[in-house]
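Structure, as structure tokens:
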Amino acid sequence: MDLCVIGCGYVGLVTGACLAEAGHDVICTDVDSARIAQLNAGQVPIYEHHLDDVLKSARAAGKISYTDDAGDAIRRSEAIFICVGTPPKENGQADLSAIDNVARQIATEALSPKLVIEKSTVPARTGLELRRALNAYSRNSAVTFRVVSNPEFLREGTAVEDFLHPDRIVVGVEDETSAAQMREIYRPILEQKFSCPVHNGACPATADVPLLVTTINSAELIKHASNSFLALKISYANVLADLCEKIGADVNEVTNAMGLDPRIGGQFLQAGLGFGGFCFPKDLQAFVHLAGTVGVDFDILKAAERVNKQRIDRFLEKVHQALWVIKGKRVALLGLAFKANTDDTRFSPALEVAQRLVNEGADVHATDPEAVSRAKAVLPQVTYHEDVYDTLRDAEAALICTDWDEFRNIDWQKAGSLMARRLVIDGRGLCDLQRMRELDFEYFSFGREQLRAHATAR
Ligand SMILES: NC(=O)c1ccc[n+]([C@@H]2O[C@H](COP(=O)([O-])OP(=O)(O)OC[C@H]3O[C@@H](n4cnc5c(N)ncnc54)[C@H](O)[C@@H]3O)[C@@H](O)[C@H]2O)c1
């Protein structure tokens with residue numbers, strides 16, 4: 001089927017690449033013509049595992065192309081995936097102006113019926129508004145639009161795998177024809193018939209992928225409800241960590257045991273600096289806002305958001321307690337991306353930590369395996385390094401802000417010999433306590449024993 005993807009960001013590129021890999025002809029478009037030029041030159045503007053390979057092979061097979069002529073892309077396709085950003089406004093409400101712009105473009109450019117698929121994360125009732133907008137903007141009464149909500153559940157870092165091997169595909173529709181068309185689009189994925197770039201053709205046997213057909217409102221709600229629930233779980237683990245610190249328990253021991261209960265599950269129970277990125281913070285806010293507009297007080301989510309905002313304060317309290325005066329001190333910041341395996345720094349707790357340290361006059365040296373160039377653009381006051389040990393050299397403290405394996409595997413003996421002071425403040429709980437004790441480090445993390453200077457034989 002001829003498909004169009006509007007918005008070539010994380011979601012758009014993964015959607016386009018994977019649907020092309022699954023055999024469809026995909027044309028991608030974006031308002032950012034520099035991004036389109038980059039893609040046409042064979043460069044991938046974001047870091048996402050396997051994405052380069054999939055885009056390369058789809059391009060070589062003639063299954064994917066890029067254009068900044070959105071009208072042409074719209075006219076040439078039967079189904080259009082809207083993958084534009086839906087950032088938060090000041091009041092937490094989702095800013096849907098990009099969706100509205102795209103609706104106007106589709107309505108005015110289309111010359112034949114279109115299936116318009118909302119893949120961006122949007123509040124419930126947006127699909128119904130989108131249909132209204134498409135009809136209102138259309139100048140051609142012979143052109144009809146069917147709207148589908150198809151929320152995306154991929155995780156940055158494992159996005160290609162998540163798209164090709166999903167837990168579930170949700171399609172919110174208004175009629176059976178739309179559901180049948182969506183089933184057709186996803187057939188190769190439902191039947192797991194594609195050449196898998198992640199497992200090189202040896203994909204693990206999995207249960208059938210369920211395709212859940214719902215109403216549009218339910219589909220939209222499923223996405224916000226899922227992300228908000230996961231955010232809630234993280235904040236729960238973080239409050240638990242604070243309690244463990246006061247009581248003298250170890251949060252990892254507690255959450256590991258909790259996670260073995262299948263009713264709870266072990267994921268999203270890692271205590272630390274809290275969640276960031278382009279999804280959880282804004283989706284949580286938008287969900288609270290939506291509930292408020294219909295008179296439902298989602299207090300429990302407001303608490304999750306408040307807890308999350310306080311994590312950075314808590315982390316900086318630990319930094320202050322350990323370093324006393326911050327001004328003029330050289331600190332090594334390990335991690336800039338909001339989580340491991342992505343270059344995405346949007347709403348990254350690491351960047352906020354860096355900014356606040358810079359504001360206090362610290363000499364911040366930072367590294368990240370993939371996110372340095374994005375961080376440089378917003379925080380030029382920081383000194384960036386490629387190598388983690390160069391970052392740690394002469395530092396009075398190492399602050400771990402992102403859960404990259406590269407930081408989990410640091411040789412702390414070597415690091416200790418380079419640092420001005422053996423002090424680690426670990427916002428992601430990556431270091432082994434026993435090892436840090438043996439190496440005579442002062443070591444602070446969330447919800448575990450704190451190794452203070454006076455407790456070590458220095
Ligand atoms: N990033 C994720 O992990 C993730 C996961 C699931 C869902 N989502 C949702 O998907 C949506 C997109 O997220 P993203 O991370 O890919 O965003 P992004 O910012 O990486 O990409 C959005 C792209 O849309 C383009 N764009 C904006 N307005 C446009 C317009 N009028 N016409 C054409 N292109 C336009 C931008 O130039 C940009 O390239 C958001 O609603 C997000 O909440 C994101």
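Just follow the structure's listing: the first ligand is 1, and inside any ligand the first atom is 1. Keep in mind that the numbers below use all heavy atoms, side chains included, and drop hydrogens, waters and symmetry copies.
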Nearest-option assignment for atom 20 (O) of ligand 1, heavy atoms, candidates Pro45, Cys8, Gly9: Gly9
Ligand 1 atoms in contact with Lys223 (distance to a heavy atom under 4.0 Å): 6 (C)
For atom 11 (C) of ligand 1, closest protein heavy-atom neighbour: Val84 O, 3.3 Å
Flag for Tyr47-Asp344: side-chain donor and acceptor within less than 3.5 Å: no
Nearest non-hydrogen protein atom, atom 42 (C) of ligand 1: Lys282 NZ, 3.8 Å
Enumerated ligand 1 atoms positioned under 4.0 Å from heavy atoms of Ile6: 32 (N), 33 (C)
Residue selection (non-hydrogen contact nearest atom 40 (C) of ligand 1) among Ile46, Thr86, Asn101, Leu154: Thr86
Protein contact to atom 16 (O) of ligand 1 [nearest heavy atom, distance to 0.1 Å]: Val11 N, 2.8 Å
Close-contact set for ligand 1 against Ser120 heavy atoms, below 4.0 Å: 10 (O), 11 (C), 41 (O)
Shortest protein contact, atom 15 (O) of ligand 1 (heavy atom only): Arg346 NH2, 2.9 Å
Heavy-atom proximity to atom 13 (O) of ligand 1, best of Tyr10, Phe278, Phe338, Phe280: Phe278
Arg155 heavy atom under 4.0 Å from ligand 1: no
Cation-pi, Phe145 ring and Arg131 (6.0 angstrom, 45 degrees): no
Check: Phe287 ring centre within less than 6.0 Å of Phe298 ring centre: yes
Nearest candidate to atom 37 (O) of ligand 1, where distance is taken over non-hydrogen atoms, out of Asp30, Leu13, Thr342: Asp30
Student check: side-chain heavy atoms of Arg428 and Leu430 closer than 4.5 Å: yes
Atoms in ligand 1 flagged as close to Cys83, the criterion being non-hydrogen separation under 4.0 Å: 12 (C), 22 (C)
Atom 2 (C) of ligand 1: nearest protein contact (heavy atom, Å): Glu156 OE2, 3.4 Å
Criterion side chain to side chain donor-acceptor pair (under 3.5 Å) against Ser97, the qualifying member of Asn101, Asp95, Asp100: Asp95
Nearest-0.5 Å distance that lies between atom CD in Glu161 and atom SG in Cys196: 7.5 Å
Sole candidate of Val31, Asp32, Ile36, Asp30 that passes side chain to side chain contact (heavy atoms under 4.5 Å, CB included) when paired with Asp68: Ile36
Within the 6.0 Å centroid threshold, strictly below: Phe163 and His50: no
NZ or CZ of Lys318 within 45° of Phe446 ring axis and under 6.0 Å: yes
Test of proximity, Val102 against ligand 1: N or O pairs below 3.5 Å: no
Within 45° cone of Phe278 ring axis and under 6.0 Å: Lys282 NZ or CZ: yes
Taking atom 9 (C) of ligand 1 as the reference point, the nearest protein heavy atom with its distance: Thr121 OG1, 3.4 Å
Side-chain H-bond candidate by donor/acceptor type, Ser112 with Lys114, under 3.5 Å: yes
Shortest protein heavy-atom distance from atom 6 (C) of ligand 1, along with the residue and atom involved: Glu152 O, 3.2 Å
Distance from atom 4 (C) of ligand 1 to nearest protein heavy atom, with residue and atom: Cys279 SG, 3.2 Å
